[in-house]
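Notes for the one structure printed next.
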Amino acid sequence: MTYETILLDRPAPGVAIITLNRPDRGNGVVPEMARDLLAALEALEDDKSVRVLVMTGAGKQFCAGADLVEFQKFLAEDHAREQEPYNARVLWPVTQRLVSCRLPVIAAINGGATAGGLDLALACDVRIASTKAKMGETYIKLGLNPGNGGTYFLPRLVGSGLAAELALTGDLVDAERALAIGLVNSIAEPEALITEAVALAARIAERPRLAIEATKQQLRQSWHMDLAGSMNASFWAVAALTYSNDLREGVAAALEKREPVYNKGDKE
């Protein structure tokens, strides 16, 4: 499939990469980009040969959040009629779709990630940042509160006090500080960022697809559960995976002291 605002590639077995492709506008999100992202996520989910997704941005920025030119136009021409926030039709569905997607998503933050762009990265499961990246929950600088999941994700990643500081000041943090506070998993030199993100994605993609999906969803669900509820969900997921061919392959390979070959039924 071809898309108007994103690029879709397959850089390694089991791995897909989505590149936000509006570099002249800082990869700012417009309805067309939301449409393309949702369509691409649906197509990738239907393809069993895809097991991990990497998301990055073209040019110098990861994503500047909502395209402010289009945002201003919306306020002038459409808001009186629509009577709802601009982002309700733009980033909200994408944020929720990334979380519910069966694929683990790795954000390769190549540059600026601000406001809704940061929230887009926070909705991913893993974040790797370029040493040149700068990140900020900058809504407040426009006169807004965080609108696309920032107040949900930030406290869970960096703690409530630091989340409050970042959201209330709108301050930017560089890659080193983002790593120190747990906002990102690791950092890489700009020229190595995609290589490292794809390498991590490929390592994950070598694992059994059904176990990857179950693990992602259990990790997400655990944010809303107590220990007993999480372990109960785990019990039934394990019970289902006990019937999988990959489990039998994994046990046999361990006993035979060889590398397992998973996902045999998934065409690359």
Side-chain angles (χ1 to χ4, degrees), residues 3-7 17-38 40-41 53-72 74 85-99 101 105-154 157-158 163 166-167 169-175 177-179 181 183-185 187 190 193-194 197:
Y3 302 95
E4 181 182 351
T5 65
I6 65 173
L7 303 175
I17 181 167
I18 287 176
T19 302
L20 308 179
N21 192 34
R22 300 187 71 239
D24 57 322
R25 296 295 309 154
N27 298 317
V29 180
V30 290
E32 293 79 9
M33 181 179 282
R35 174 205 64 202
D36 287 350
L37 285 169
L38 292 172
L41 288 170
L53 173 63
V54 175
M55 181 177 294
T56 193
K60 296 181 179 180
Q61 295 201 56
F62 175 76
C63 181
D67 184 309
L68 292 185
V69 172
E70 294 300 318
F71 193 1
Q72 186 179 54
F74 172 84
Y86 178 67
N87 61 11
R89 299 297 181 193
V90 179
L91 280 182
W92 283 9
V94 176
T95 299
Q96 295 178 64
R97 192 71 179 84
L98 285 171
V99 172
C101 179
V105 186
I106 299 172
I109 306 171
N110 55 297
T114 53
L118 176 62
D119 292 348
L120 197 63
L122 298 181
C124 297
D125 301 285
V126 176
R127 283 154 296 282
I128 301 176
S130 160
T131 54
K132 293 186 176 180
K134 294 187 182 297
M135 291 150 269
E137 195 74 355
T138 55
Y139 291 93
I140 202 159
K141 292 182 177 180
L142 295 177
L144 289 172
N145 59 296
N148 292 289
T151 52
Y152 178 84
F153 296 117
L154 265 181
L157 289 170
V158 304
L166 294 174
T169 63
D171 287 347
L172 295 176
V173 298
D174 62 18
R177 188 173 186 222
L179 179 63
I181 65 178
L183 194 60
V184 300
N185 296 63
I187 59 178
L193 176 66
I194 298 303

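None of these values were measured; they are calculated from a predicted model.
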The criterion is side chain to side chain donor-acceptor pair (under 3.5 Å); which residues satisfy it with Q96, sequence neighbours excluded?
none

Listed by chain and number, what are the salt bridge (charged side-chain N to carboxylate O under 4.0 Å, His left out) partners of E32, not counting sequence neighbours?
none

When rounded to the nearest 0.5 angstrom, what distance separates CG in L20 from CG in L37?
6.0 Å

Scanning both residues in full, the closest heavy-atom pair of S130 with A175 reads O-CB, 3.3 Å

Identify the two heavy atoms, one from T131 and one from I187, that lie closest to each other, and give their separation to 0.1 Å.
CG2-CD1, 4.4 Å

Closest heavy-atom pair, N27 versus P23, reported as atoms and distance to 0.1 Å, is OD1-N, 3.3 Å

Would you check if T5 and N21 make a side-chain contact, meaning some heavy-atom pair closer than 4.5 Å?
no

Is there a side-chain contact between L53 and L41 (heavy atoms, below 4.5 Å)?
yes

Name all residues meeting the side chain to side chain donor-acceptor pair (under 3.5 Å) criterion together with T56; count only those two or more places apart in sequence or in a different chain, and write none if there are none.
N110

Residues at least two apart in sequence or cross-chain that pass salt bridge (charged side-chain N to carboxylate O under 4.0 Å, His left out) with D67, listed by chain then number, are R22, R25

For D171, all residues meeting side chain to side chain donor-acceptor pair (under 3.5 Å), sequence neighbours excluded:
T169

Of all the heavy-atom pairs spanning T138 and G170, show the shortest one and how long it is.
CG2-O, 3.3 Å

Pairing residues for N148 by the side chain to side chain donor-acceptor pair (under 3.5 Å) criterion, not counting sequence neighbours
W92, Y139

Nearest 0.5 Å, please: how far is CZ in F62 from OG1 in T19?
10.0 Å

What distance separates C63 SG from M55 CE, expressed to the nearest 0.5 Å?
9.5 Å

For A123, what residues pass the side-chain contact (heavy atoms from CB on, under 4.5 Å) criterion, not counting sequence neighbours?
T95, L98, V99, F153

Pairs in or reaching into residues 131-146: which pass salt bridge (charged side-chain N to carboxylate O under 4.0 Å, His left out), with residues at least two apart or in two chains?
none

For a quick test of reading the model, state the closest non-hydrogen atom pair linking L193 to A129 and the distance between them.
CD1-C, 3.9 Å

So does A121 get a backbone contact from the side chain of R127, meaning a donor-acceptor N/O pair under 3.5 Å?
yes

Would you please test V29 and V94 for side chain to side chain contact (heavy atoms under 4.5 Å, CB included) and show each step?
CA-CA 10 Å; V29 180; V94 176; over 6 Å; no

Nearest atoms (heavy-atom pairs only) where D119 meets G150:
OD1-CA, 3.1 Å

Y3: ring-ring contact (aromatic ring centres under 6.0 Å, His included) partners, not counting sequence neighbours:
none

Does the N185 side chain pair with the main chain of I128, one donor and one acceptor, at a distance under 3.5 Å?
no

Sequence-distant partners of T151, side-chain contact (heavy atoms from CB on, under 4.5 Å), two or more places apart:
P146

side-chain contact (heavy atoms from CB on, under 4.5 Å) partners for K60, two or more places apart
none

Taking only residues two or more places apart in sequence or in another chain, which ones pass side-chain contact (heavy atoms from CB on, under 4.5 Å) with V173?
M135, L166, R177, A178, L183

